[in-house]
**Q** 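Pasting a structure below so you can have a look.
Both counts, for ligands and for their atoms, begin at 1 and track the order of listing.
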Amino acid sequence: MSRLFTPFSLGPVELPNRVVVSPMCQYSANDGVPGDWHLHHLMQFGYSGAGLVMVEATGVERRGRITHGCLGLYSDDCEAALSRIINSVRRVSGSTRFGIQLAHAGRKASANVPWVNAGAPLGDGEDPWKTVGPSAVPFGEGWHIPEALDEKGIERTTAAFVDAALRAARIGFDVVEVHAAHGYLLHEFLSPLSNFRQDSYGGSLESRMRFPLNIVRAVRAAVPREVVVGARITGSDWDEKGLGPEDAVLFARELKSLGAGYVCVSSGGILPSIRVPSTPGYNVPIAAKVKGEAGVPVRAVGMIVTPEQAEEVVAAGKADLVCMARAFLDNPRWVWHAAELLGASAHYPLQYARAKRSLWPGAEIARPFKPGNHD
Ligand SMILES: Cc1cc2nc3c(=O)[nH]c(=O)nc-3n(C[C@H](O)[C@H](O)[C@H](O)COP(=O)(O)O)c2cc1C
């Protein structure tokens with residue numbers, strides 16, 4: 001029996017299976033407000049049969065967006081538009097649940113969308129904005145020099161996360177994920193490669209964790225108990241002077257003690273010079289370590305592509321959930337095909353039922369519908 005297609009209780013939220021659509025920026029919003037592209041993008045995943053669909057990194061404040069096109073949740077307009085889309089998607093989505101990733105891009109903000117100038121920092125005339133970070137040190141050559149957040153800025157950012165989380169809860173998201181990976185603001189505070197502060201937010205790991213943990217604590221306290229609060233964390237900076245799996249375990253333990261319902265173990269992104277070893281399942285060993293040593297539900301991500309691979313990760317107990325990004329962009333029907341391959345079932349819209357491969361003429365698997373009788 002497939003383990004991938006067994007339900008999973010993420011705290012109070014019941015997922016029909018362990019497949020998660022990873023958060024994926026679409027760079028297609030207007031001042032944070034989603035439109036038709038997002039409706040289409042999320043709709044296809046809404047009826048994909050996945051257990052959980054994560055909405056992309058969503059800026060908690062305007063200056064926390066990566067690009068002018070990034071999704072936001074900092075205004076009534078943002079909330080109304082996203083609410084309309086999620087309500088539409090939910091109407092066709094069976095038992096799939098929905099989450100949103102709340103983010104602040106920190107010193108990697110104020111950049112072009114990836115398909116313009118390869119995502120380089122916005123130049124004069126492209127409406128750049130002042131970025132913020134733990135220290136006044138840019139991401140890399142040519143990047144904006146951020147303003148080091150002072151105590152007031154830290155409070156303001158925490159409040160922005162809480163406001164956005166409340167908006168997410170009002171929209172009806174089941175899961176709110178705090179983005180603490182990929183070189184964005186919270187990861188910048190966590191990593192010794194980007195945090196050079198000498199105050200109580202810098203220095204030891206304990207101090208570097210302070211701001212991200214305060215945010216998770218504040219978000220957890222603000223949203224109703226039935227909303228799961230989790231985090232995407234860094235399993236490794238892939239640099240010996242940076243964060244590693246041991247740090248991920250310690251951070252995950254702290255998150256758990258604050259009531260986080262899960263962590264998603266990702267990695268990389270803190271410096272442009274560092275290469276991530278993108279081999280199949282490259283974060284899975286770190287995810288397994290975090291699961292074993294922090295005792296919190298774990299989602300694994302990174303080059304998990306085939307159904308057999310996803311099944312093995314879950315069946316071997318390396319992670320509770322698997323998360324896929326590019327595989328879903330390539331094939332939004334991934335779950336349907338994986339379920340058939342693994343002899344399991346998943347939500348399949350009745351309107352499309354005749355497309356099930358097991359029903360095609362010549363298919364050897366038993367046919368619950370007779371092709372031709374349903375015209
Ligand atoms: C188009 C695209 C957009 C992405 N946007 C986000 C994002 O909003 N938040 C995030 O945490 N990761 C983001 N990622 C990273 C993915 O969620 C995922 O962690 C990464 O692609 C590795 O998984 P994969 O090998 O299944 O693609 C993005 C990836 C892609 C391809």
**Q** Students should be able to answer this: which protein heavy-atom is nearest to atom 31 (C) of ligand 1, and at what distance?
**A**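 Here the closest protein heavy atom is Arg326 CG, 3.6 Å.
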**Q** Which protein non-hydrogen atom lies closest to atom 9 (N) of ligand 1, naming both residue and atom, and how far is it?
**A**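 Among all protein heavy atoms, the one nearest atom 9 (N) of ligand 1 is Gln101 OE1, 2.7 Å.
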**Q** What residue and heavy atom of the protein are closest to atom 29 (C) of ligand 1, and at what distance?
**A**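 Looking only at protein heavy atoms, the one closest to atom 29 (C) of ligand 1 is Met24 CG, 4.1 Å.
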**Q** Please identify which atoms of ligand 1 are closer than 4.0 Å to at least one heavy atom of Met303.
**A**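 This gives 24 (P), 25 (O) as the contact atoms.
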**Q** Determine the interplanar angle of the Tyr348 and Trp336 rings, folded into 0 to 90°, and report it as parallel if under 30°, tilted if 30 to 60°, perpendicular if over 60°.
**A**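 The rings of Tyr348 and Trp336 lie parallel, inter-plane angle below 30°.
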**Q** Going by atom types only, do Trp334 and Ser48 share a side-chain donor-acceptor pair under 3.5 Å?
**A**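 Their side chains do not contain a donor-acceptor pair, so the 3.5 Å distance test is not met.
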**Q** Can you check whether Ala325 has an N/O within less than 3.5 Å of an N/O in ligand 1?
**A**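 Checking ligand 1 against Ala325, an N or O pair does fall under 3.5 Å apart.
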**Q** Is any N or O atom of Ser22, backbone or side chain, closer than 3.5 Å to an N or O atom of ligand 1?
**A**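 It does: an N or O of Ser22 is found under 3.5 Å from an N or O of ligand 1.
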**Q** Under 3.5 Å between any N/O of Cys25 and any N/O of ligand 1: does that happen in this structure?
**A**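 So ligand 1 has an N or O lying under 3.5 Å from an N or O of Cys25.
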**Q** May I ask you to list the atoms of ligand 1 that are less than 4.0 angstrom from any heavy atom of Met324?
**A**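 Near Met324, meaning under 4.0 Å from one of its heavy atoms, ligand 1 has 26 (O).
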**Q** Of all heavy-atom pairs between Arg210 and Tyr201, which one has the smallest distance, and what is that distance?
**A**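 Closest pair (atom of Arg210, atom of Tyr201, distance): NH2-OH, 3.8 Å.
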**Q** What class does the angle between the rings of His41 and Trp37 fall in, given that below 30° is parallel, 30 to 60° is tilted and above 60° is perpendicular?
**A**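 Answer is parallel, since the angle falls under 30°.
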**Q** Quick one about Arg90 and Asn87 (side-chain donor to acceptor, distance below 3.5 Å, no hydrogens or angles considered), yes or no?
**A**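 There is no such pair (donor and acceptor under 3.5 Å, judged by atom type) between the side chains of Asn87 and Arg90.
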**Q** Below the 3.5 angstrom mark, is there an N/O of Val301, backbone or side chain, next to an N/O of ligand 1?
**A**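 Looking only at distances, the answer is no, because the N/O contact criterion of under 3.5 Å is not met.
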**Q** Mark yes or no for whether Thr58, through its side chain, and Glu56, through its backbone, hold a donor-acceptor pair below 3.5 Å.
**A**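 Yes; judged by distance alone, with no hydrogens or angles, the pair exists.
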**Q** Could you tell me whether a side-chain N or O of Ser88 sits under 3.5 Å from a main-chain N or O of Arg84, the two making a donor and an acceptor?
**A**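 Side chain of Ser88 to backbone of Arg84: a pair is present.
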**Q** So for Gly302, does at least one of its heavy atoms come nearer than 4.0 angstrom to any atom of ligand 1?
**A**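 The answer is yes, since Gly302 has a heavy atom less than 4.0 Å from ligand 1.
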**Q** For ligand 1 and Pro23, I'd like to know whether there is a polar contact (N/O to N/O, distance under 3.5 Å).
**A**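 Yes, since at least one N or O of Pro23 sits under 3.5 Å from an N or O of ligand 1.
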**Q** Give the intermediate values and the outcome of side chain to side chain contact (heavy atoms under 4.5 Å, CB included) for residues Leu4 and Leu342.
**A** CA-CA 9 Å; Leu4 189 64; Leu342 298 171; 4.0 Å; yes
**Q** So, is Tyr27 polar-close to ligand 1, with some N/O to N/O distance under 3.5 Å?
**A**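 No; the residue has no nitrogen or oxygen that sits under 3.5 Å from a nitrogen or oxygen of the ligand.
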**Q** Would Arg232 count as a polar contact of ligand 1, with the cut-off being nitrogen or oxygen pairs under 3.5 Å?
**A**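 Arg232 vs ligand 1: N/O contact under 3.5 Å present.
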**Q** Ignoring hydrogens and angles, tell me if any N or O in the side chain of Ser236 forms a donor-acceptor pair with the backbone of Trp238 under 3.5 Å.
**A**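 Between the backbone of Trp238 and the side chain of Ser236 there is a qualifying donor-acceptor contact (under 3.5 Å).
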**Q** For Lys241 and Asp239, which heavy atoms make the closest approach, and how far apart are they?
**A**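 The answer is N-OD1, 2.8 Å.
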**Q** Please determine if His179 has a nitrogen or oxygen closer than 3.5 Å to a nitrogen or oxygen of ligand 1.
**A**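 In this structure, His179 places an N or O atom under 3.5 Å from an N or O of ligand 1.
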**Q** Taking the minimum heavy-atom distance to atom 8 (O) of ligand 1, which of Ala300, Cys323, Ala57 ranks first?
**A**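 It is Ala57 whose heavy atom sits nearest to atom 8 (O) of ligand 1.
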